[in-house]
Amino acid sequence: MLGALFYRFISENFTNYMEGGDDSVDYANLPDDVITPEIKEDAVKTKGYFIYPSQLFVNIAKTANTNANLNTDLKAIFDAIESSANGYPSEEDIKGLFADFDTTSTRLGNTVENKNSRLAAVLKGVEELNFGNFEDNQIDLFGDAYEFLISNYAANAGKSGGEFFTPQHVSKLIAQLAMHKQTSVMHKQTSVNKIYDPAAGSGSLLLQAKKHFDNHIIQEGFFGQEINHTTYNLARMNMFLHNINYDNLI
């Protein structure tokens, strides 16, 4: 579910970039062969990755119920998105982001038909979610929805292993307290050296810190550590969605 939501987000985000606000351009319906190497290179330099029209979430979801090769098509698309950054500064940023979205896993079913049926159900479910146009909203509508799903996943999946995750409202309070301005104008804090979370989990505290510190200078960036590989990858996705430099996650 989270991987599909991430796939939809970066597809829509990339489409908005390629269309550049021009209503006469419908990127999703363009043929792949109109994309020149120069167009692709410019996009990767700016966005950090590339998605061809045929690879967009909207086009894959459209035929999900009838695509007999859905699971392998999705794997090929995820591999292509990640490899589009090879040789560019964003290569390490996007590498492995889809690692936990294993479209060929036996957990989806023992036959290709069963796998495709479950994948199609997930894609169609995500497709039906109405987030509106996130560019028209003052709040981070899509990012908040994504973070909400991550927090619920983390809360349910982690309890059995003794893992507990900080609720968003607690993370928000911690971030606000860390940047609390002094009553004296002479001692008003206007910058922060760095933001560090030694048990980053799904990245909730780092996200709340970024939201609270948007108008301030973070001199050395955001840092976090997470021992659970699955949760670590979710944090990387979350950092990617919010344009946080998650190279600092270890």
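Side chain of Asn59 to main chain of Pro53: a donor-acceptor pair is present (N/O by atom type, distance under 3.5 Å, no hydrogens or angles). A donor-acceptor contact shorter than 3.5 Å links the side chain of Glu91 to the backbone of Gly87. Without hydrogens or angle criteria, Ser117 side chain to Glu113 main chain gives no donor-acceptor distance under 3.5 Å. Checked by atom type and distance alone, the side chain of Glu82 pairs as donor or acceptor with a backbone atom of Leu97 at under 3.5 Å.
Pairing each heavy atom of Tyr27 with each of Leu56, the nearest pair is CD2-CD1, 3.7 Å. Nearest heavy atoms, Leu108 versus Asp102: CD1-O, 3.6 Å. Thr103 and Leu119 make their closest contact through O-CD1, 3.8 Å (heavy atoms, listed as atom of the first residue, atom of the second, distance). Asn114 and Gly109 make their closest contact through CB-CA, 3.9 Å (heavy atoms, listed as atom of the first residue, atom of the second, distance). Between Leu123 and Ile60, the closest heavy-atom pair is CD1-CG2, 4.1 Å. Here the shortest heavy-atom pairing between Ala80 and Gln55 reads CB-NE2, 3.6 Å.
The ring pair (Phe, Tyr, Trp, His ring centres under 6.0 Å) search around Phe98 returns Phe6, Phe78, not counting sequence neighbours. For Asp22, the side chain to side chain donor-acceptor pair (under 3.5 Å) partners two or more places apart in sequence, or in a different chain, are Ser24. Remark: Phe57 pairs with Tyr7 by the ring pair (Phe, Tyr, Trp, His ring centres under 6.0 Å) rule, at least two apart or across chains.
To the nearest 0.5 Å, atom CG of residue Asp79 and atom OG of residue Ser84 are 11.0 Å apart. The line from CD1 of Ile94 to OH of Tyr49 is 7.0 Å long, rounded to the nearest 0.5 Å. The distance from atom CG of Asp197 to atom CZ of Phe222, rounded to the nearest 0.5 Å, is 11.5 Å.
Judged by distance alone, the side chains of Asp32 and Ser54 do bring a donor and an acceptor atom under 3.5 Å apart. Using a 3.5 Å distance cut-off with no hydrogens or angles, the side chains of Asn13 and Lys47 do pair a donor with an acceptor. With no hydrogens or angles considered, no side-chain donor-acceptor pair links Asn67 and Asn116 at under 3.5 Å. A donor-acceptor pair shorter than 3.5 Å can be found between the side chains of Gln225 and Tyr196.
The one candidate from Leu30, Asp23, Asn29 that meets the side chain to side chain contact (heavy atoms under 4.5 Å, CB included) condition with Asp26 is Asn29.
Clustering ILVMFWY residues whenever any of their side-chain heavy atoms sit less than 4.5 angstrom apart, transitively, puts Val25 in a cluster other than the one holding Ile39. When the side chains of ILVMFWY residues are joined at heavy-atom separations under 4.5 Å, either directly or via intervening members, Tyr52 and Tyr88 end up in a single hydrophobic cluster.
Proximity of Leu70 to Leu74: side-chain heavy atoms (C-beta onward) are separated by under 4.5 Å at one or more points. Two residues are said to be in side-chain contact when any heavy atoms from C-beta on lie closer than 4.5 Å; Phe14 and Phe50 meet this criterion.
Classification of Glu12 and Arg8 as a salt-bridged pair holds, one side-chain N sitting under 4.0 Å from a carboxylate O.
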(message) Apply side chain to side chain contact (heavy atoms under 4.5 Å, CB included) to residues Ser11 and Val58 and explain how you reach the verdict.
(response) CA-CA 8 Å; Ser11 290; Val58 64; over 6 Å; no
(request) Kindly determine whether Lys45 and Glu41 satisfy salt bridge (Lys or Arg N to Asp or Glu O under 4.0 Å), including the steps that lead there. (result) CA-CA 6 Å; Lys45 286 180 178 178; Glu41 182 177 12; 3.4 Å; yes
